[in-house]
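Each remark here refers to the structure printed beneath this line.
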Amino acid sequence: MTDKRGKERIIIHIDYDCFYASVWENLRPELRTVPLGIQQKSILATCNYIARERGVKKLQLIKDAKAACPDLVIVNGEDLTPFRDASRSIFNFIAGTLVGTNQMERLGFDEIFIDVTALVDHNLALLLNSAPGDTFSFHLTLSPPHTTFPINLHNLPPYTHPSDSIPPSFSSLSLDTSGQAQPPETIRLLQRLYLATHLATHLRTLVKSTHNHTASAGISTSKTLAKLAGTINKPDAQTVLHPTTTQAFLDKFEIGKIPGIGRKAATIIRQLVNPLIEPEEQLHEEWFEDVKQKVTVLEVRTKLTQVDLARSPLGGTEAAKVWAWIHGLDDQGVGAKKTVPSQITVEDTFRSLTRAEAVMEVLDRLHSKMLSRMSSELVEDPEAAGGVGKKRWIAVPKTYRLSIRTRKHGFGNRVSRSMPLPSWVLSGVINGDNEGTVGRLSREMGWNLMKRALKEEGEERGWDLQLVNVGVAGIEGAEGGRRTIGEFFGGKGKQTVREEVAEVEEMDGEWELWEEECYVDGEEDEDVWGVCSVCGGRMLRFTLEAHARFHALEHSEGMDMDMA
DNA sequence: TGGGGTCCT
DNA sequence: AGGACCC
């Protein structure tokens, strides 16, 4: 629907290579040259490329990984703090680099989508209005302070898909590879992708030089295509999709590889394409039996209709989305930059947990981590950042939630109970009374909700916990304590972001005036921004603390390592 | 088979 | 409160 030609969005997807392993390699540089795996309980969360060459796989059982690679070095990755800090630091760094670009969304700890449409269009206008030359200064910012980087107009960074389908020289984009003239809309789209490709390379270079993480990137016209494009050339590389060949590109993927089509949906679709059971004999439960066949997007498109999908257990709404995705139509907008999470949870898993005292110890430990994270992610402490002033909440959670999995309940099934978050928890965080607050949380909140959940699930006696998760939720973004641009215009979140970009474009040279009006909270702007004393990076002041922990961990000693 | 996250129903 | 999806 936003696919008016010439107005396609331009999306960059960045994915840091084997991120957890890379974070550990920065903590302990000697790990760079050995096969390295990151352990969480009985599985390897991820591993570096040296380990992969030796036959180690992501999400493999530890014992299988050790069998494949006996000298695998294993580190524990159950505490996500270093990964979370590095992830936030890189995200904030990129956000600080692309000032004025607000559609920037994290997926997990190691992926970022950036909608660079406005930025690229701004630069294309500059380029087309300037005298022809061999280089062009790409403007990274849409608002001051302005920064640029030079791009070589005769050299397109590798790679394109299909190979060499886009000429390396900007001035040659008007002709296809056989010298045939291209339609104007195609030329313009190629020019925009060309600029975005240079930008992606620059961002990857910056991430490498400031944070020492290599990344892979995909450049295309939607989230789905950008993400899939990034899988073509992998590690430390990138791929731009030629815009007229996207259907052929999509057709080759197994249906379950399409982002948004998960295990349930993929199983249903595979069954529809290749029914193993006569229709009359199909019972509802059998729809979900995993038959492990490979069905490509092409097969789904040609052997089924959208109506077939809609009549399946997928339902009409999901069917419509799937049908659009596999035809290269993907309307999903990149969400607005988020600096506060909407929930904070902490969990641990067990083979068996049956004693009340053991449960209380677990609750204490989880609550302690929960409070630390509330303090570092939701509270701004001017003094910790080297200034003066009182601590204040950036955003406040509304609910407390406890989630458990019991042996009887089994597998993926969690049961959860929640309550309004009492104000004494908030005071405890602000006053730094961790010990008192932890005890009270475990006794008055966690334990009671657990008893309620077990009772209502009929497991009052003989319970056996496999997972305990506690957290706070309903954190509504105050985005740095100020209202966001979207809220200022009376919109809400994601849906309004495209309109914001349009507004910014129209305001054009009057950005400074505009920036003043974006914030209606009355505080001075200076206040919000801080500069890191170690690397000089400019970032939102309340993010400095996590950023500082990122620096503190660089080359630090003393984290546990287990040589297998 | 982890320890997180998101949004939708 | 649960379920789908993502890493």
Side-chain angles (χ1 to χ4, degrees), chain A residues 13-20 37-47 57-65 76-85 87-88 91 105-113 216 223-224 227-228 230-231 256-268 288 313-318 321-322 325 332-336 338 340-351 366 369-370 373 377 399 401-405 409-419 449 452-453 456-457 466-475 477 492-495:
Chain A
H13 176 259
I14 299 177
D15 184 335
Y16 319 133
D17 301 320
C18 44
F19 185 56
Y20 288 9
I38 312 300
Q39 178 175 19
Q40 287 173 329
K41 297 296 181 319
S42 60
I43 66 165
L44 269 195
T46 190
C47 58
K57 304 277 175 54
K58 278 197 276 186
L59 301 183
Q60 195 170 33
L61 286 173
I62 295 287
K63 61 175 172 80
D64 295 343
N76 187 289
E78 287 161 22
D79 181 354
L80 303 186
T81 307
F83 314 131
R84 190 182 291 110
D85 285 349
S87 171
R88 289 167 57 119
F91 182 80
E105 188 186 340
R106 268 205 301 170
L107 183 58
F109 287 166
D110 67 339
E111 295 183 19
I112 301 181
F113 289 97
S216 301
K223 290 175 82 171
T224 301
K227 182 169 170 146
L228 292 175
T231 66
K257 300 282 189 205
I258 304 301
I261 304 180
R263 232 197 45 176
K264 300 264 185 190
T267 304
I268 292 169
F288 294 95
L314 271 185
T317 312
E318 284 305 302
K321 285 197 241 172
V322 166
W325 291 337
Q332 300 173 90
V334 176
K338 253 180 100 182
V340 286
S342 46
Q343 75 184 34
I344 292 174
T345 64
V346 184
E347 69 187 48
D348 202 353
T349 55
F350 318 90
R351 285 285 203 73
L366 297 180
K369 292 183 81 175
M370 184 184 90
R373 289 189 48 203
E377 292 169 39
T399 56
R401 188 177 57 219
L402 173 113
S403 249
I404 55 174
R405 194 204 306 143
H409 218 82
F411 308 124
N413 299 331
R414 294 163 175 223
V415 172
S416 75
R417 293 294 180 272
S418 66
M419 282 178 60
L449 289 190
R452 238 175 69 192
E456 288 168 14
E457 296 295 318
Q466 294 190 324
L467 174 142
V468 179
N469 171 299
V470 299
V472 289
I475 306 172
K492 51 178 242 159
K494 274 193 168 178
Q495 287 346 342

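In what follows, every chain begins at residue 1, and chains take the letters A, B, ... in the order their sequences are listed.
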* Asked: Reckon Arg417(A) touches a base, only the sugar-phosphate, or nothing at all at heavy-atom distances under 4.0 Å?
  -> sugar-phosphate

* Asked: Who pairs with Arg373(A) by salt bridge (Lys or Arg N to Asp or Glu O under 4.0 Å), at least two apart in sequence or on another chain?
  -> Glu377(A)

* When the distance from CD of Glu347(A) to P of dG3(B) is rounded to whole Å, what number comes out? -> 6 Å

* To do: Show your reasoning for whether salt bridge (charged side-chain N to carboxylate O under 4.0 Å, His left out) applies to Glu347(A) and Arg414(A).
  => CA-CA 12 Å; Glu347(A) 69 187 48; Arg414(A) 294 163 175 223; 3.4 Å; yes

* To do: Report the nucleotide, chosen from dT6(B), dG3(B), dG2(C), that has the shortest atom-to-atom distance to any side-chain atom of Val415(A).
  => dG2(C)

* Asked: Is there a side-chain polar atom (N or O) of Lys41(A) under 4.0 Å from OP1 or OP2 of dT1(B)?
  -> no

* To do: Report the nucleotide, chosen from dT1(B), dT6(B), dG2(C), that has the shortest atom-to-atom distance to any side-chain atom of Pro341(A).
  => dT6(B)

* To do: Measure the acute angle between the ring planes of Phe113(A) and His13(A), then classify it against the limits of 30° and 60° as parallel, tilted or perpendicular.
  => tilted

* Rounded to whole angstroms, how far apart are CG on Asn413(A) and P on dA1(C)? -> 16 Å

* Looking only at atom types and distance, does a side-chain atom of Ser87(A) sit under 3.5 Å from a main-chain N or O of Phe109(A), one as donor and one as acceptor? -> yes

* Under 4.0 angstrom, heavy atoms only, what part of the nucleic acid is Lys63(A) near: base, sugar-phosphate, or nothing? -> nothing

* Between dG5(B) (C1') and Phe19(A) (CZ): distance, integer Å -> 14 Å

* Asked: Roughly, in whole Å, what's the span from NZ in Lys264(A) to P in dG2(C)?
  -> 15 Å

* **Phosphate OP1/OP2 of dG3(B): any Thr345(A) side-chain N/O under 4.0 Å** => no

* **Closest listed nucleotide, where the reference is the side chain of Ser416(A) and the choices are dG3(B), dG2(B), dG2(C)** => dG2(C)

* To do: Please identify each residue that fulfils salt bridge (Lys or Arg N to Asp or Glu O under 4.0 Å) with Asp348(A), with sequence neighbours left out.
  => Lys41(A), Arg365(A)

* Is Gln40(A) reaching over with its side chain to a backbone N or O of Gly77(A), donor-acceptor style, under 3.5 angstrom? -> yes

* Does a nitrogen or oxygen in the side chain of Arg84(A) sit under 4.0 Å from OP1 or OP2 of dG4(B)? -> yes

* To do: Please state how far atom NZ in Lys257(A) lies from atom C1' in dC7(C), giving the value in whole angstrom units.
  => 14 Å

* Ignoring backbone atoms, establish whether Ser42(A) has a side-chain N or O less than 4.0 Å from OP1 or OP2 of dT1(B). => no

* To do: Report which part of the nucleic acid Glu78(A) touches: base, sugar-phosphate, or nothing (heavy-atom distance under 4.0 Å, all strands).
  => sugar-phosphate

* Between dC7(C), dT6(B), dG3(B), spot the one nearest the side chain of Glu111(A), thanks. => dC7(C)

* To do: Would you indicate, yes or no, if dA1(C) has its OP1 or OP2 atom less than 4.0 angstrom from a side-chain nitrogen or oxygen of Ser418(A)?
  => yes

* Structure fact -> With the side chain defined as heavy atoms from C-beta on, Ile43(A) is closest, among dG2(B), dC6(C), dT6(B), to dG2(B)

* To do: Identify which nucleotide among dG5(B), dC5(C), dT1(B) has an atom closest to any side-chain atom of Arg373(A), counting heavy atoms from C-beta outward.
  => dG5(B)

* Structure fact -> The residue, Glu318(A) or Leu366(A), whose nearest nucleotide of DNA chain B is more 5′ is Leu366(A)

* To do: Return the value, rounded to whole Å, for the distance between atom CD of Gln60(A) and atom C1' of dG2(B).
  => 15 Å

* Structure fact -> 5'-most contact on DNA chain B (nearest-nucleotide basis), Ser342(A) vs Leu467(A), goes to Leu467(A)

* Asked: Quick one: Asp17(A) CG to dC7(C) P, roughly how many Å, whole number?
  -> 15 Å

* Structure fact -> Whole-Å distance, Phe83(A) CZ to dC7(C) P, equals 18 Å

* Under-4.0 Å side-chain N/O to phosphate OP1/OP2 contact, Lys227(A) with dC6(C) -> no

* Please work out if Gln343(A) contacts a base, only the sugar-phosphate, or nothing of the nucleic acid, heavy-atom cut-off 4.0 Å. => base

